[in-house]
Chemist: 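Here it is, the structure, as structure tokens.
Order of the sequence lines fixes the chain letters, A, B, ..., with proteins taken first and strands second; residue numbering starts at 1 for each chain. Being a predicted model, the structure only gives us computed values, none of them experimental. Below, each value reflects all heavy atoms present in this structure, side chains not excepted, and no hydrogens, waters or symmetry copies.
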Amino acid sequence: MDSQIDIPAEDEHDSAYAGLLVNDAHWAFGTDFEDPLAGVDTTIPDGVDAPTLAAYALMLGDDALVMSHRVSEWTSNAPDLEDDIALSNIALDLLGQSRLLLARAAKADGSVVPALPEGSPAPPEDALAFFREAHQLRNVRLAELVNGDFAEAVVRVLLFSVWRLATFERLRDSRDHVLAAVAAKGVKELAYHRDYSARWFVTLAQGTDESRRRLLAALEELWPLWPELFDTHAVEAAAAASGVGVDPAEVRAAAEGVLDQVLDAADVPRPEARRRAGVLGRTGRDGMHGEPLSRMLAEMQSVARAHPMGQW
Amino acid sequence: MTLTETPPDRELEAGFEATIARNDRIEPRDWMPEGYRRTLVRQIAQHAHSEIIGMQPEGSWITRAPSLRRKAILLAKVQDEAGHGLYLYSAAETLGVSRLELTELLIAGKQKYSSIFNYPTLSYADVGTIGWLVDGAAICNQVPLCRTSYGPYGRAMIRVCKEESFHQRQGYELLATMMRGTDEQRAMVQESVDRFWWPALMMFGPPDDASPNTAQSMAWGIKRHTNDELRQKFVDMSVPQAEALGVTLPDPELRWNEERGHHDFGQPDWEEFMEGVKGNGPCNAQRMAHRRRAHEDGAWVREAATAYARKQVSA
């Protein structure tokens with residue numbers, strides 16, 4: 001009972017609301033730090049082809065943008081509050097990575113940024129996110145699928161984060177300062193995404209008959225898109241050759257090793273499903289997507305496109 | 001059945017009354033009258049449900065946010081609301097009711113949430129208006145609750161209020177930014193304020209002469225101000241903010257009263273308010289269906305987690 005209510009006097013405490021018109025530095029937003037790369041060395045390393053660097057950053061940025069969108073659709077829909085918060089967190093982390101990577105792409109090669117009406121205040125990373133067509137996006141197809149049940153979310157986040165973490169662990173050594181910094185930060189985030197999804201993977205596999213059935217079905221459904229993550233696109237090969245990027249083929253062994261550990265812990269056999277074919281041999285990295293992406297973009301881009309001169 | 005009827009509890013009751021009178025906190029293990037416990041469970045649950053249902057109107061704009069920065073801000077904000085729900089359900093659990101029980105009461109329509117969330121969000125400006133006016137009204141209601149007599153509730157509210165004032169700030173900042181944009185954006189902001197002003201005033205509850213629970217809640221130190229006092233405070237604070245933004249508040253009776261030192265203002269449509277309370281508001285059915293679906297869709301996951309945990313214990 002010795003818990004005296006030691007909060008500030010009424011007037012002082014009630015003033016939390018009244019400070020709204022004061023524009024002080026106490027608040028962490030405002031229009032002052034719009035440039036997400038402010039203070040970062042954005043010079044292009046010697047011998048690196050700027051368009052290659054931009055195209056490579058777009059690939060990684062688009063993966064995060066599209067995956068973030070799908071994960072964010074879980075907000076207010078998750079099985080429990082803790083998972084709602086966790087999934088929102090994963091979506092936020094990926095959104096942050098995407099913003100930095102799209103900004104990096106625009107800074108390296110301005111010609112990748114779609115033209116907006118003269119005087120549009122949209123920053124280049126927003127022009128890239130909100131004013132490109134589906135075929136201009138370079139994300140892997142795993143990221144864009146329409147959401148399924150919670151087991152599908154768990155398996156998708158697991159496959160995506162195992163692969164992306166293996167990539168980012170190497171990308172920390174990129175000769176490009178921005179990519180190296182994004183990777184250094186991203187590794188910590190992705191380690192959490194992987195941990196979260198791996199725990200749920202094991203829990204669902206070992207929980208009830210229904211949860212195991214749903215988990216196996218989700219794995220079966222997503223497995224055909226796993227090999228695509230390790231295909232080497234010409235841009236990735238060139239980025240890797242100049243020391244700014246990572247060749248996906250080179251992270252395959254590490255990623256498979258981690259995934260095998262999770263499968264073992266869950267007592268789940270590796271699926272045997274075949275890889276999903278592309279169209280004329282082209283897949284996500286070539287801008288060849290499934291049907292859901294254009295629908296996703298129609299929603300994502302609707303407000304931005306209705307107000308190309310808008311201030312947000 | 002109630003403990004207060006047996007003689008030895010008179011002493012306990014006196015101790016409780018003395019704690020309230022000293023402005024001390026009542027803690028979970030302290031004796032408390034059944035009515036106090038019941039009132040708290042009702043209020044904390046309603047508050048927790050409001051946070052969770054309140055994720056929906058703004059959450060529906062996450063996938064359409066017009067810039068990456070706004071998307072991050074909105075996603076973080078809606079995530080905070082889930083966090084608020086979590087602390088509040090935890091505070092309610094100290095009174096002996098589980099989160100699951102409360103969720104089931106909500107879904108069965110036996111507990112309520114704030115009627116404001118039964119209004120639709122129709123444009124991106126609504127994200128700003130909800131931050132400014134709805135979170136602003138919520139802060140007016142909630143800041144005094146930091147000093148509420150029940151310890152776990154008061155402490156949860158301190159953190160909730162800090163985050164809410166941040167939310168309010170982001171809403172105001174969004175509107176201010178949009179007002180510097182195009183004519184269409186300014187019109188969007190005004191239209192949004194026109195729609196949310198009256199519902200925001202309703203958030204303080206019915207006028208004092210029609211609010212049956214206020215007197216007892218104030219005597220117990222659960223509530224610290226009446227509905228009308230808080231409404232007045234909100235109007236007085238909002239008027240200069242609206243002027244700074246450059247929007248008009250949609251109340252022809254709104255004017256400064258020199259004598260009272262406060263603004264005079266009109267009354268919201270209390271019949272519309274009651275429709276929302278009775279379940280007939282524009283989005284009641286939609287909000288409840290969303291919550292019920294999410295809860296039911298997640299049942300197999302929660303069962304799996306329980307089954308897995310049980311296996312780990314017995315292994």
Side-chain angles (χ1 to χ4, degrees), chain A residues 1-5 7 10 13-14 16-18 20-21 27 29-31 34 69 72-73 75-85 88-89 91-92 95-96 98-99 102 121-123 125-126 129-130 149-150 202-204 206-208 210-211 214 299-300 302-304 307 309-312, chain B residues 19 23-25 27 30 55-56 59 62-68 70-73 75-76 78-79 82-83 85-86 124 136 139-140 143-144 146-147 151 154 158 161 165 168-170 172-173 177-178 180-182 184-185 237 240-241 244 290 294 297-298 300-305 307-308 311:
Chain A
M1 294 269 253
D2 56 348
S3 52
Q4 190 74 35
I5 303 173
I7 6 185
E10 178 169 355
H13 202 68
D14 284 355
Y17 181 88
L20 196 59
L21 292 178
W27 295 96
F29 37 67
T31 49
E34 287 288 352
H69 184 104
S72 78
E73 290 176 323
T75 301
S76 86
N77 290 298
D80 225 333
L81 286 179
E82 287 81 353
D83 299 294
D84 217 292
I85 292 169
S88 297
N89 220 57
L92 269 170
L95 182 61
S98 148
R99 192 172 169 213
L102 297 185
E125 66 274 17
D126 286 346
F130 298 102
D149 63 6
F150 184 71
V202 173
T203 302
L204 296 182
Q206 305 286 323
T208 61
E210 182 180 11
S211 69
R214 285 174 180 263
E299 180 177 346
M300 183 197 292
S302 57
V303 180
H307 302 275
M309 299 299 286
Q311 295 266 11
W312 307 103
Chain B
T19 305
N23 257 355
D24 275 356
R25 300 275 204 204
E27 295 299 335
D30 296 341
M55 295 169 71
Q56 294 178 34
I62 291 170
T63 54
R64 290 175 288 173
S67 78
L68 297 175
R70 287 293 169 199
K71 193 190 285 281
I73 292 170
L75 190 44
V78 176
Q79 184 192 36
L86 201 53
Y124 205 78
I139 292 166
C140 279
V143 162
C146 296
R147 293 179 293 113
I158 291 172
C161 284
S165 73
Q168 194 208 14
R169 180 79 180 195
Q170 69 79 33
Y172 190 79
E173 194 255 350
T177 305
M178 289 179 71
R180 289 196 302 271
T182 62
E184 289 84 359
Q185 287 184 295
M237 287 192 285
Q241 293 166 0
H290 180 131
D297 285 356
W300 69 270
V301 179
R302 295 188 299 273
E303 282 158 22
Y308 180 72
K311 285 178 195 172

Chemist: I need the A/Asp84 CG to B/Gln79 CD distance, nearest 0.5 Å.
Modeler: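 That separation rounds to 8.5 Å.
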Chemist: Where do A/Asp126 and B/Leu68 come nearest, in terms of heavy atoms and distance?
Modeler: OD1-N, 3.0 Å
Chemist: What distance separates A/Arg99 CZ from B/Ser67 OG, expressed to the nearest 0.5 Å?
Modeler: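 If I round to the nearest 0.5 Å, the distance is 7.0 Å.
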Chemist: Using non-hydrogen atoms only, which part of A/Asp83 is less than 4.5 Å away from chain B: side chain, backbone, both, or neither?
Modeler: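 A/Asp83 has no heavy atom closer than 4.5 Å to chain B.
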Chemist: Does the side-chain hydrogen bond (donor to acceptor under 3.5 Å, both in side chains) test come out yes or no for A/Ser76 and B/His290, once each step is laid out?
Modeler: CA-CA 9 Å; A/Ser76 86; B/His290 180 131; 2.9 Å; yes
Chemist: Which atom names give the shortest non-hydrogen contact between B/Ala82 and A/Ile85, and what distance separates them?
Modeler: CB-CG1, 3.6 Å
Chemist: Could you look at B/Arg64 and say if it's the side chain, the backbone, both or neither that has a heavy atom under 4.5 Å from chain A?
Modeler: both
Chemist: Does some side-chain heavy atom of B/Asp297 sit less than 4.5 Å from a side-chain heavy atom of A/Phe150?
Modeler: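 A/Phe150 does not reach B/Asp297 side chain to side chain.
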Chemist: Considering only heavy atoms and a distance below 4.5 Å, find which of A/Ala78, A/Ala122, A/Gly207, A/Pro121 pairs most often with chain B.
Modeler: A/Gly207
Chemist: Between B/Arg302 and A/Pro79, is there a donor-acceptor pair closer than 3.5 Å when you use the side chain of the first and the backbone of the second?
Modeler: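 Confirmed, B/Arg302 side chain pairs with A/Pro79 backbone.
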Chemist: Counting only non-hydrogen atoms closer than 4.5 Å, does B/Leu86 touch chain A with its backbone (N, CA, C, O), its side chain (CB onward), both, or neither?
Modeler: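 Both backbone and side chain.
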Chemist: Sort out for me which of A/Gly310, A/Ser98, A/Gly96, A/Ala91 touches chain B most, counting heavy-atom pairs under 4.5 Å.
Modeler: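 Of A/Gly310, A/Ser98, A/Gly96, A/Ala91, A/Gly310 has the most heavy-atom pairs under 4.5 Å with chain B.
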Chemist: Is there a side-chain contact between A/His69 and B/Thr63, using heavy atoms and a 4.5 Å cut-off?
Modeler: yes
Chemist: Quick one: does A/Glu210's side chain have a donor or acceptor within less than 3.5 Å of a partner on B/Trp300's backbone?
Modeler: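 It does not hold such a pair.
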Chemist: Show, in sequence, the C-alpha distance, side-chain angles and deciding distance for B/Tyr308 and A/Val202, and conclude whether the side-chain contact (heavy atoms from CB on, under 4.5 Å) test is met.
Modeler: CA-CA 9 Å; B/Tyr308 180 72; A/Val202 173; 3.5 Å; yes
Chemist: Which one of B/Gly151, B/Ala304, B/Gly59, B/Ala307 has the most heavy-atom pairs closer than 4.5 Å to chain A?
Modeler: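 Of the candidates given, the most pairs with chain A belong to B/Ala304.
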Chemist: Considering only heavy atoms and a distance below 4.5 Å, find which of B/Ala72, B/Ala65, B/Ala76, B/Pro66 pairs most often with chain A.
Modeler: B/Pro66
Chemist: Looking at every heavy atom in both A/Leu81 and B/Gly85, which two are closest together, and how far apart are they?
Modeler: CD1-C, 4.1 Å
Chemist: Taking A/Val303, A/Thr203, A/Thr208 one by one, which has the highest count of heavy-atom pairs under 4.5 Å against chain B?
Modeler: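 Ranked by contacts with chain B, first place is A/Thr203.
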Chemist: Do B/Gln185 and A/Gln311 pass the side-chain contact (heavy atoms from CB on, under 4.5 Å) test, and can you show the C-alpha distance, the side-chain angles, and the key distance before you say yes or no?
Modeler: CA-CA 8 Å; B/Gln185 287 184 295; A/Gln311 295 266 11; 4.1 Å; yes
Chemist: Between B/Lys311 and chain A, which part of the residue has a heavy atom less than 4.5 Å away: side chain, backbone, both or neither?
Modeler: side chain
Chemist: Just so I know, are the side chains of B/Ile62 and A/Thr75 near enough to count as touching, which here means a heavy-atom distance under 4.5 Å?
Modeler: yes
Chemist: With rounding to the nearest 0.5 Å, note down the distance linking CZ in A/Phe130 to NZ in B/Lys71.
Modeler: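 So the gap between those two atoms works out to 5.0 Å.
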Chemist: What pair of heavy atoms forms the shortest contact from B/Arg70 to A/Trp312, and how long is it?
Modeler: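 Closest approach of B/Arg70 to A/Trp312, heavy atoms only: NE-O, 2.6 Å.
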